[in-house]
Amino acid sequence: MNGIKETISKRANLFKILLFVAAAAVIAYFFPGNSNREYVYTVGKPWSYSLLTAPFDMPVFLDSVTIKEKKDSIDKAFVPIFKINKSIEKATIDKITSYYKVAFYTGDLRKLESLMRGIYARGIVDNDVYESIRLQQLPNVRILQGNVLQTVPTREMVSVKVAYSYIDSAMHSSPVIHNVNLAQIIVPNIVKDTVTSQKYLDDLYRKTMAPVGVIQQGERIVDRGEIITPQTAMLLSTYESMMKSRSKLVSHDAQYPIVGYVVVVATLLFLLYMFFRMFRTRIFNDNRKLLFVVLFVTLFSIASFYMLMHFRSASFFLPLAIVPIMLVTFFDSRTAFFVSVIQILICSLAAGMHMEFVIMHTVAAVIAIDTLQDLSKRSQLIRTAGMIFVGYALTYTALFVITEGNINAISYKPYIYLAINSVFLSFAYILIFVCEKLFGFVSKVTLVELSDINNKLLRELSEKCPGTFQHSMQVSNLVSEAAHEIGANTQLARAGALYHDIGKMENPAFFTENQHDVNPHELISPEQSAKIVIRHVTDGLKLADKSKLPAVIKDFIAEHHGKSTTKYFYTTACNNNGGEPVDPAPYTYPGPNPRSKETAILMMADATEAASRSLKEHTDESISALVNKIIDGQIAQGLMKDAPLSFRDVETIKKVFIARLRTIYHTRVSYPELIKKEGTETKE
């Protein structure tokens, strides 16, 4: 048997180790690496990172401002390229000569042909080009003939309109003007060659953007505090683009940074593994909870890497505060803080501003944990988001002053990104709901909703079993107060106590608190009575399944009697058997015994509250004796052996129960009667 347990334990530990190893491998695989880093900087402001040197020889290009000036100068001096379309002149002359066979004014047609040849020899351009020529903006053009460019003056060139006017004035008395459609005949023969012009212009641009120098390997690019000039910005842009292109080439030297990142990520996850193993054994031993934490950290890291790679300002609007919000909702503040720090450190490796990133997001995590110790309403999440924004803004402002030395040059854009970050936190409420469904968790918000006595199941309990409902209310008060004193989950204890006896709705009359002068147990045997009473546990579990109550609430139903016996009916059976013991099995609850602090407190409170009703006198001594007798008896029977309670916890619980029961059963002061004097008449 021990060998089987050891094998199961080894397999469980192996699963946990493999889980963390797989997480480290996945995070390292998706890590963007130094080659993909995009620095956040602004021209005219100081460089906020450490010294950056050239990892290899880098070309030096002109800065964007200078390049723009040179391009503007090229555009201004560039002479466009035109081409002569000789086919247009030929087509025009052919149209004129086609009239020779049908017209009687051949001489005029020959004159028109001669004029057209002369005008086309000068060159006809479109109206826009002619307007530029007229304004002396285009004194010359370049004509491409074959592969040779010739510069041609434009002073002799005319537009279609000018050519028409010239011919009209020269032949205004000739009938040819009225019979030949010159508007269709005259077409420009010198047209702009857009494709060739753009090709030559692009060549000039490329020469402008060619390197003007080289930065050698190891030479400084920029150091912390230096003002980013346009030239420095161009160097940084060259550095980033070359690092991205070189990251595609695999070499031994390129692997060293990757190995370093793998080691750092593995170390951080190892620290997380040791934290759960040493300080949070309940989470460590629960594969479902451990899987949630590791999976959440892994997926959030991948999402963060993606945002940091593709958005320059992702360091500001990355909603890392969702991590502590989720974990403090399902677990505790210490777990939330430790996991959040690990998450922030992993993401900071991919962020540009390491120090600023860690400080800002750590402040946000602490604010989230401190303000969400007991998330019970959606409005609390909005308040937390607002406080996180204030924390972000103050921290960023302080860090900016530390880096810049003054606040005058601060930009408003980071505050907009931080506000967007805070808005993203409102989606944590949806994420909490999704994780509850996927992993079977119960948040404090859900527990508050379950504790509402207007809940359908509790309302049904109050109608069918009013005595049981009042008993559950009293027990929930005892349990929640005791849970608060020993550091257990108060809201869980309260909700579980309200539902622990819902199974009594199936047979309400068989339970003392619901009886009215008639006791049906008097008509049946003790064994039958015990069977009915014990069945309220299984009936309660069936109702819980039907109502889709969470598993943690069903634990309260199953464990609140543990494996105890129905002592009243067992003793009655023994007495009926002449004082001889009988088989205790039919009189024993199915269990299991309490396995959590909250269910253990419920067992104590349930028995104590029920027994306190039978006390003839509710004095301090009788209440104290009753509480000690019941709780000590449960411990002696071994009912608490699986509960994680210390002796100090048990003593604290006893004190809480005694004080609470004293308050419930306190005696009232008797009001004195009015003594009347003899012979005095009393008038109403």
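These numbers come from the heavy atoms of this one structure, side chains and all, not from hydrogens, waters or symmetry mates.
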Please indicate whether R648 has more than 12 foreign heavy atoms, meaning atoms of other residues, nucleotides or ligands, lying under 6.0 Å from its CZ.
-> no

Is there side-chain contact between F275 and T335, with at least one heavy-atom pair below 4.5 Å?
-> yes

Where the side chain of T446 meets the backbone of V442, is there a donor-acceptor pair that is under 3.5 Å apart?
-> no

Residue pair T566 / I534: nearest heavy atoms and the distance that separates them = CG2-CG1, 3.8 Å

Indicate whether the side chain of N287 and that of K16 have a donor and an acceptor atom separated by less than 3.5 Å.
-> yes

Are side-chain heavy atoms of E485 and I653 found at a separation under 4.5 Å?
-> no

H361 vs F357 aromatic rings, parallel, tilted or perpendicular, using cut-offs 30° and 60°?
-> tilted

Return yes if a side-chain donor-acceptor contact under 3.5 Å exists between S304 and S301, otherwise no.
-> no

Can you check ring-ring contact (aromatic ring centres under 6.0 Å, His included) on F270 and F20, steps first, answer last?
-> CA-CA 8 Å; F270 175 74; F20 278 88; 9.2 Å; no

Below 4.5 Å, heavy atoms only, C-beta onward: do E436 and F330 meet side chain to side chain?
-> yes

Mind listing the closest non-hydrogen atom pair of I302 and F30 along with its distance?
-> CD1-CD1, 3.7 Å

Nearest heavy-atom neighbours spanning I367 and G391 = CD1-CA, 3.8 Å

